[in-house]
Amino acid sequence: MTLAPSHPHGQAVWSDTQLLYALEEVVETELNRHLKVAKEWMPHEYVPWSDGRNFDGVMGGEAWAPDQSKVSAVGRTALVVNLLTEDNLPSYHHEIATLFGRDGAWGTWVHRWTAEEGRHGIVMRDYLLTSRAVDPVQLERFRMAHMSEGFESDNQHSMLHTVAYVAFQELATRISHRNTGHHSGDPVCDRMLARIAADENLHMIFYRNLLEKAFELAPDQTMCAVRDVVVNFRMPGHGMPGFERAAAQIAIGGIYNLRIHHDDVLQPVLRFLKVLQIGGLGPEGIKAQEELGLYMGGLNDQATKFDERREALLARRRARAERV
């Protein structure tokens with residue numbers, strides 16, 4: 001393989017094309033591992049169909065009302081955010097198919113990942129509508145608005161940044177689904193989201209292992225990519241209607257917030273890859289590593305302050321509830 005010109009410290013600069021080619025064998029290995037451990041499951045088995053009935057409209061059924069939902073208020077908010085995120089799968093597929101390609105092991109993975117993610121949207125929507133967990137009219141209007149805006153990844157400029165991003169984002173999605181289930185108040189919902197979270201964990205492992213190999217091939221570039229992704233991280237649903245308000249409710253509700261993001265998403269991946277302990281870096285890599293360490297320390301401080309504000313808010317709410 002012909003490498004691009006080297007940095008002064010001797011590390012070769014890899015283009016996206018070179019990295020795609022160099023990682024092809026790892027992708028094939030990880031794909032084969034994934035196919036061996038991934039379990040087939042059927043979305044319809046996780047939906048309480050016997051609870052379903054017609055809605056108002058052309059079927060002349062009963063209009064939705066909040067008291068029909070078995071799910072907690074914060075659970076409903078998180079479920080809508082999670083489903084709208086899954087709904088944008090066509091855009092995500094376009095993004096990764098454009099970056100990773102549709103041929104060879106990369107292409108096989110892209111299509112397999114898309115097929116597995118498609119099940120998540122299917123089962124979540126079927127559950128939400130059958131159990132009347134959320135307002136179906138509002139849900140559809142949100143879906144139309146969100147998908148009509150399209151999706152543009154912050155990392156579409158770089159294959160390496162994209163691999164780094166999804167290594168964290170897949171874990172973030174797993175945590176979000178799992179915590180939504182725990183806070184939903186409905187065992188059926190909890191079981192469904194646990195099944196989805198298991199898929200997301202396998203997707204995280206796939207990308208995390210690719211990122212590990214990228215550190216071996218191009219340590220400086222990979223360190224810079226990880227630094228950029230961690231510092232500028234946003235969940236893919238950030239553009240949906242009312243996202244900031246929903247995110248605040250989800251954070252206060254303990255489903256996903258700064259503390260969870262720091263402790264349960266960023267730290268596990270960084271520790272597994274020993275990112276802050278990697279040696280042999282050039283000037284750019286060392287600078288990125290130092291900046292990443294400083295950022296993580298600052299984020300931990302922010303998370304501590306958030307924890308304190310959250311606990312004070314919850315204490316006030318409990319006091320009001322007791323007075324009532």
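The first residue in the sequence is number 1, and the count goes up from there.
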Could you report the tightest heavy-atom contact between [X] and [Y], atom names first, then the distance?
X: Arg259; Y: Asp307; result: NE-OD2, 3.0 Å
X: Ser158; Y: Leu99; result: C-CD2, 4.2 Å
X: His157; Y: Asp16; result: O-OD2, 4.2 Å
X: Asp190; Y: Ser184; result: N-OG, 4.1 Å
X: Leu129; Y: Pro136; result: CD2-CB, 3.7 Å

Determine whether the side chains of [X] and [Y] contain a donor N or O and an acceptor N or O closer than 3.5 Å.
X: Ser131; Y: Asp186; value: no
X: Gln169; Y: Thr173; value: yes
X: His146; Y: Asn88; value: yes

Requested in this report: Check whether any side-chain heavy atom of His111 lies under 4.5 Å from a side-chain heavy atom of Arg102, and answer yes or no.
Outcome: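 Yes, close enough: below the 4.5 Å cut-off.
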
Query raised in the report: Taking C-beta and beyond as the side chain, do Ile252 and Leu314 meet within less than 4.5 Å on heavy atoms?
Result: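 They are in side-chain contact.
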
Within the supplied structure, the quantity of interest is the number of heavy atoms (other residues, nucleotides, ligands) at a distance under 6.0 Å from [X] [atom1]; does it exceed 12?
X: Asp103; atom1: CG; answer: no
X: Arg53; atom1: CZ; answer: yes
X: Gln267; atom1: CD; answer: yes
X: His93; atom1: NE2; answer: yes

Taking [X] for its side chain and [Y] for its backbone only, find out whether a donor-acceptor pair lies under 3.5 Å.
X: Gln68; Y: Ala63; value: yes
X: Gln289; Y: Val275; value: yes
X: Arg208; Y: Ala167; value: no
X: His183; Y: Asn179; value: yes
X: Asp220; Y: Gly282; value: yes
X: Glu170; Y: Tyr207; value: no
X: Ser176; Y: Ala172; value: no
X: Asn300; Y: Met296; value: no
X: Asn155; Y: Thr162; value: no
X: Arg76; Y: Val71; value: yes

Report task. With Leu23 as reference, evaluate Lys213, Glu30, Glu28 under the side chain to side chain contact (heavy atoms under 4.5 Å, CB included) test and give the passing residue. Result ->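 Running side chain to side chain contact (heavy atoms under 4.5 Å, CB included) over Lys213, Glu30, Glu28 with Leu23 returns exactly one hit, Lys213.
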
Query raised in the report: Is any side-chain N of the basic residue among Asp199 and Arg195 closer than 4.0 Å to the acidic one's carboxylate O?
Result: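 Salt bridge present between Asp199 and Arg195.
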
Once you round to the nearest 0.5 Å, how far does [atom1] of [X] lie from [atom2] of [Y]?
X: Glu24; Y: Leu31; atom1: CD; atom2: CG; answer: 10.0 Å
X: Leu273; Y: Met223; atom1: CG; atom2: CE; answer: 9.5 Å
X: Ile96; Y: Trp106; atom1: CD1; atom2: CH2; answer: 9.5 Å
X: His182; Y: Ile255; atom1: NE2; atom2: CD1; answer: 10.5 Å

Please report, to 0.1 Å, the donor-acceptor pairs under 3.5 Å made by any side chain of residues 315-324, with sequence neighbours excluded.
| from | atom 1 | to | atom 2 | distance (Å) |
| --- | --- | --- | --- | --- |
| Arg318 | NH2 | Glu311 | OE2 | 2.8 |

Query raised in the report: With His161, which of Asp228, Asp154, Thr222 fulfils side chain to side chain donor-acceptor pair (under 3.5 Å)?
Result: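 Answer after filtering Asp228, Asp154, Thr222: Asp228.
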
Query raised in the report: Given Val226 and Val229, is the side-chain contact (heavy atoms from CB on, under 4.5 Å) satisfied, shown in steps?
Result: CA-CA 5 Å; Val226 169; Val229 163; 5.8 Å; no

Query raised in the report: Under the side-chain contact (heavy atoms from CB on, under 4.5 Å) criterion, do Met42 and Arg119 qualify, and how do the steps go?
Result: CA-CA 8 Å; Met42 301 299 163; Arg119 286 191 299 214; over 6 Å; no

Listed once per pair and sorted, the ring pair (Phe, Tyr, Trp, His ring centres under 6.0 Å) pairs that draw on [range], sequence neighbours left out:
range: residues 210-235; result: Tyr165-Phe233, Phe233-His261
range: residues 266-308; result: none
range: residues 46-68; result: Trp41-Tyr46

Requested in this report: Apply side-chain contact (heavy atoms from CB on, under 4.5 Å) to Leu270 and Leu292, showing your working.
Outcome: CA-CA 10 Å; Leu270 294 175; Leu292 179 61; 4.1 Å; yes

Anything under 3.5 Å between a donor and an acceptor, one on a side chain of residues 242-251, the other on a protein residue two or more places apart or in another chain? List them.
| from | atom 1 | to | atom 2 | distance (Å) |
| --- | --- | --- | --- | --- |
| Gln249 | OE1 | Thr77 | OG1 | 3.2 |

**Report entry** Contacts of type salt bridge (charged side-chain N to carboxylate O under 4.0 Å, His left out), residue Arg143, not counting sequence neighbours
**Finding:**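 With neighbours one apart ignored, the set is Glu140.
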
Report task. List the steps, then state whether side-chain contact (heavy atoms from CB on, under 4.5 Å) holds for Leu35 with Arg112. Result -> CA-CA 9 Å; Leu35 294 176; Arg112 173 71 188 200; 3.7 Å; yes

Query raised in the report: If two hydrophobic side chains count as joined below 4.5 Å and joins carry through other members, does Ile278 share a cluster with Ile286?
Result: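 Yes, Ile278 and Ile286 fall within the same hydrophobic cluster.
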
**Report entry** Aromatic ring proximity, centroids under 6.0 angstrom, Phe100 and Trp109
**Finding:**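 Ring-ring flag for Trp109/Phe100: false, centres at least 6.0 Å apart.
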
